[in-house]
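This report refers to the structure that appears directly beneath it.
In what follows, chains are A, B, ... by sequence order, proteins preceding strands, each numbered from 1.
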Amino acid sequence: MPFYGLCDCNNFYASCERVFDPSLEGRPVVVLSNNDGCVIARSNEAKSLGIAMGQPFFQLRETIRRADVAVFSANFPLYGDMSRRVMGVLRRLVPATEVYSIDEAFLDFTGMDDADFDALGHRIARTVRRHTGIPVSIGIAPTKTLAKIASKLCKRYPKLDGACFMHRPEDIRKVLGRFPVNDVWGVGPRWGRMLAEQGVRTAWDFAQLPREWVRRRMGVTGLRTWCELHGEACIGFEEHPADRKRIATTRTFDRDTEDFGELHRRIARYAALCAAKLRAQGSVCGAVSVFLLTNRFREDRPRHYEHVVLPLSVPADSTLELTARAVEGLRRIYRRGVAYKRAGVILSDILPRSGFQGDLFDATDRAKHDRLMAAVDALNAAYGRHRVVTAAEGCGPLPQHRDRLSRPFTTDWEGLLRVKAT
DNA sequence: TCTGGGGTCCTAGGACCC
DNA sequence: TCTGGGGTCCTAGGACCC
C-alpha cells in the first residue's frame, strides 16, 4: 500500500525565534502579525496560558507581564529562510516532497514501499531537528488527510516522539473515534457547526454519515474529505505546485491616514512587491487591482471600500508598468477626506511569461524593461529587499510598528550571532 | 490607543449565444 | 392565453487552507 507523509513544523515561527535564543526554551513565546497587531504563532507554553490564535495583542498585556511571555514582531525573512532549510533537509531524506506551506510538506515514499515507516518517520524528525533546530511532527498514513491527523497526534502525545505511522484499520478507527471533527483537514468552522447540529462530534462520526448526505450538504470537497478518512486517497501528490493565479500584497497600516502621498508610496511599494513575486514565478499578468479600506473596527465613521480593476493591454511583469497602473488606480478611487486603514494591490489574469503573445510594436521597450528588472532583482537579492526601489515608493521604510523584531540571523551579515569563547 | 496576510476551489445565478 | 432550451462564460459569494 502506498503511504503519504506529512512533516509539520511545531509552532513554526515561535520555534524559529527559539533556535537563535535557547534561553526561550520552556518560556512562553508568541509572534505577532504586521504592526504587532495580533498573535500569529504560539509556543506550547503560550497555548497553555490560553492565548488564542489571532488574539489582539493589546488584550494580552496583563498575561504577558504575569507569565513573562517572550513577544516577537514577525520576522518573515528569517522564517522563510528557516523554511527553505527544513525543506532542503526533507528533500535529501525522501524521494519527493510537496511543499504545502511555509511550515508543512507532504512526503512521497514511492520506491521505499518496503520501508519500516515508523523508524523512517522518527529518523526524519530527528534529522530535521539536528540540522535546523526546528522540532517537527511526522505523520504517515494511507491518505493525506489521515497523515495530517497522524501528525497532529504527535503534538498531542509527546510519547510518540515526533512521528506516527498510522495504517492498521483498527488503529485508524480508534484514533478517529477520539479525534474532533473540527480538527480534520477540510472541515472549517462553518461545517464544524453544521455537523455539530447533526450530532457529529468526532472524525469517526463523520465517516459514518451516508456518502450521499455528505455529497449533498458539503459538495465534492466535503465528499473528498469523507473518502480520505475511509482510506481512499483522493488528494494526489503534487511535487511541482502550479503557478499562483493571483498575487497580492495588502497591508493594514499602523494608523488611519488621509494622506494621498503616503497612500501613493504604499501602493507603489505593494505593486513593486507583487511584480517581484510575479517575476519570481516566471509569469506575466493581465490585470492590476487596487483597493482602499477604512478601519473595520470603527463604528463611529462610515465604512468605505474603494476598488478598481485595471486591465493591461499587453500582459506585463515590469515593476515600472505595474506600478504606473496601480498608481493610476489609486488616483481613480482615492477620496479626499476619508481616513484609510488598509490598502492592497492584486495581480490577476496570470499567464506563463514564455507563452504569451507580445505586442510586436513595443518589443524594444519590453527588452529594455526585462534587462532593467533582471538587474533590479539581482541587486535586491544580493543586497537585501528594497535596496533598489522606484521613485514612487520614496526613500526609507513605510511606517510600521515592529517594536520586538529579532535580528535577521540567517539573511544578513549584520544579523549573525556573535559567539564569544570564555 | 491597539484588532494579519495570502492563497485555493466550488457553486449558483445571470448574461449571452445559437 | 402564452411566455424554448441548452451550453458556456463570468462573477460574486461561500467554504476552506496555513
Side-chain angles (χ1 to χ4, degrees), chain A residues 6-13 30-42 51-62 64 71-76 79-80 83 98-106 144-145 148 151-152 181-195 214-225 228 234-235 238 241-256 270 273-274 277-278 281 287 289 291 293-300 305 307 309 311 341-350 400-404:
Chain A
L6 176 73
C7 174
D8 190 329
C9 299
N10 302 342
N11 313 324
F12 184 54
Y13 300 163
V30 300
V31 176
L32 302 177
S33 65
N34 185 31
N35 286 317
D36 296 345
C38 57
V39 173
I40 56 170
R42 310 153 295 157
I51 297 175
M53 193 68 169
Q55 194 167 3
F57 179 45
F58 71 87
Q59 293 174 357
L60 289 171
R61 300 209 185 262
E62 184 45 41
I64 281 161
V71 180
F72 292 91
S73 303
N75 188 344
F76 288 112
Y79 311 150
S83 173
E98 173 189 340
V99 176
Y100 177 68
S101 72
I102 192 165
D103 68 340
E104 278 176 66
F106 287 104
K144 282 184 164 181
T145 304
K148 280 269 211 182
S151 88
K152 288 198 184 185
V181 71
N182 316 275
D183 294 348
V184 172
W185 189 41
V187 178
R190 282 295 172 86
W191 285 352
R193 240 173 292 140
M194 187 273 282
L195 290 169
V214 174
R215 172 67 184 86
R216 205 169 54 246
R217 298 291 296 266
M218 302 169 70
V220 296
T221 324
L223 183 60
R224 212 153 37 214
T225 299
E228 287 244 321
C234 307
I235 307 173
E238 314 230 2
D243 287 341
R244 306 232 168 289
K245 297 172 175 172
R246 245 173 58 107
I247 289 175
T249 305
T250 70
R251 293 285 183 279
T252 301
F253 314 151
D254 54 337
R255 69 208 134 60
D256 296 353
Y270 304 163
L273 284 167
C274 282
K277 294 182 209 171
L278 185 68
Q281 76 165 27
S289 320
F291 72 83
L293 268 173
T294 48
N295 191 334
R296 63 192 170 117
F297 294 102
R298 284 196 69 152
E299 306 284 352
D300 59 328
Y305 170 52
H307 67 288
V309 184
K341 175 70 169 170
R342 186 172 153 72
V345 172
I346 301 163
L347 308 182
S348 52
D349 293 0
I350 290 176
Q400 185 184 10
H401 286 151
R402 306 167 95 187
D403 299 336
R404 301 151 183 277

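At least one side-chain nitrogen or oxygen of A:R342 sits closer than 4.0 Å to the OP1 or OP2 atom of B:dG5. Phosphate contact (OP1/OP2 of B:dG6, side-chain N/O of A:T250, threshold under 4.0 Å): present. Taking side-chain N and O atoms only, A:T252 has a distance below 4.0 Å to OP1 or OP2 of B:dG5. Not one side-chain nitrogen or oxygen of A:R216 sits closer than 4.0 Å to the OP1 or OP2 atom of B:dT11. The side chain of A:R251 contributes an N or O atom lying less than 4.0 Å from OP1 or OP2 of B:dG6. Residue A:K341 places no side-chain N or O under 4.0 Å from the OP1 or OP2 atom of B:dC2.
Comparing A:A248 and A:D36 along DNA chain B, the residue whose closest nucleotide (by nearest heavy atom) sits nearer the 5' end is A:D36. In terms of position on DNA chain B, the residue among A:M53 and A:R215 whose nearest nucleotide sits closer to the 5' end is A:M53.
Side-chain atoms of A:C38 lie closest to B:dT3 of the nucleotides B:dT3, C:dC18, B:dT11. Between B:dC2, B:dT8, B:dG4, one nucleotide has an atom nearer to the side chain of A:R246 than all others, and that is B:dT8. Nearest to the side-chain atoms of A:W191 among the listed nucleotides C:dC16, C:dC17, B:dT3 stands C:dC16. Here the side chain of A:V220 is nearest to one of B:dG6, B:dG4, B:dT11, namely B:dT11. Of the listed nucleotides (B:dG7, B:dT11, B:dC2), B:dC2 has the atom at the smallest distance from the side chain of A:R61. Each of B:dG5, B:dG6, B:dC9 was ranked by its minimum atom distance to the side chain of A:N34; first place goes to B:dG5. Out of B:dC10, B:dG4, C:dC17, the shortest distance to the side chain of A:R224 is found at B:dC10. The A:F58 side chain lies nearest to B:dC2 when the options are C:dC18, B:dC2, B:dT8.
The separation between A:R296 atom CZ and B:dG5 atom P is 9 Å, rounded to whole Å. When rounded to the nearest whole Å, the span between CZ of A:R298 and C1' of B:dC2 equals 12 Å. Atom CG of A:D256 and atom P of B:dC2 are 7 Å apart (whole Å). A:E238 has its CD atom 18 Å from the P atom of C:dC17, to the nearest Å. In this structure, A:M218 atom CE and C:dG14 atom C1' are separated by 13 Å, rounded to whole Å. Rounding to whole angstrom units, CG of residue A:L293 and P of B:dG6 are separated by 13 Å. Atoms CD (A:Q55) and P (B:dC2) sit 17 Å apart, rounded to a whole Å. Distance CD (A:E299) to P (B:dT1): 14 Å, rounded to an integer number of Å.
Residues A:K245 and A:I350 are not in side-chain contact: their nearest non-hydrogen atoms beyond the backbone lie 4.5 Å or more apart. The shortest distance between side-chain heavy atoms of A:N35 and A:H401 falls below 4.5 Å. Side chains of A:F57 and A:V30 form no contact here, defined as non-hydrogen atoms less than 4.5 Å apart.
Between A:E98 and A:K144 there is a salt bridge, with a side-chain nitrogen of the basic residue lying less than 4.0 Å from a carboxylate oxygen of the acidic one.
The backbone N or O of A:W185 sits nowhere less than 3.5 Å from a side-chain atom of A:T145 that would complete a donor-acceptor pair.
Using a 4.0 Å heavy-atom cutoff across all strands shown, A:I247 reaches sugar-phosphate atoms only and no base atom. Heavy atoms of A:Q59 sit nowhere under 4.0 angstrom from any nucleic acid atom. Among the protein residues, A:N35 comes within range of no part of the nucleic acid, since none of its heavy atoms lies under 4.0 Å from any strand. When heavy atoms are screened at a 4.0 angstrom cut-off, A:V31 is found touching no nucleic acid atom at all. Heavy atoms of A:F297 sit under 4.0 angstrom from at least one base atom. Using a 4.0 Å heavy-atom criterion, one finds that A:V187 contacts the sugar-phosphate atoms exclusively.
When each of A:N34, A:D36, A:D254 is tested with A:Q400 by the rule side chain to side chain donor-acceptor pair (under 3.5 Å), just one qualifies, namely A:N34.
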Worked verdict on A:V309 versus A:S289 for side-chain contact (heavy atoms from CB on, under 4.5 Å): CA-CA 4 Å; A:V309 184; A:S289 320; 3.9 Å; yes
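Searching all strands for a Watson-Crick or G-U wobble partner of B:dC9 with both distances below 3.5 Å returns C:dG14.
Nucleotides B:dC2 and C:dC18, compared at atom P, are 31 Å apart to the nearest Å.
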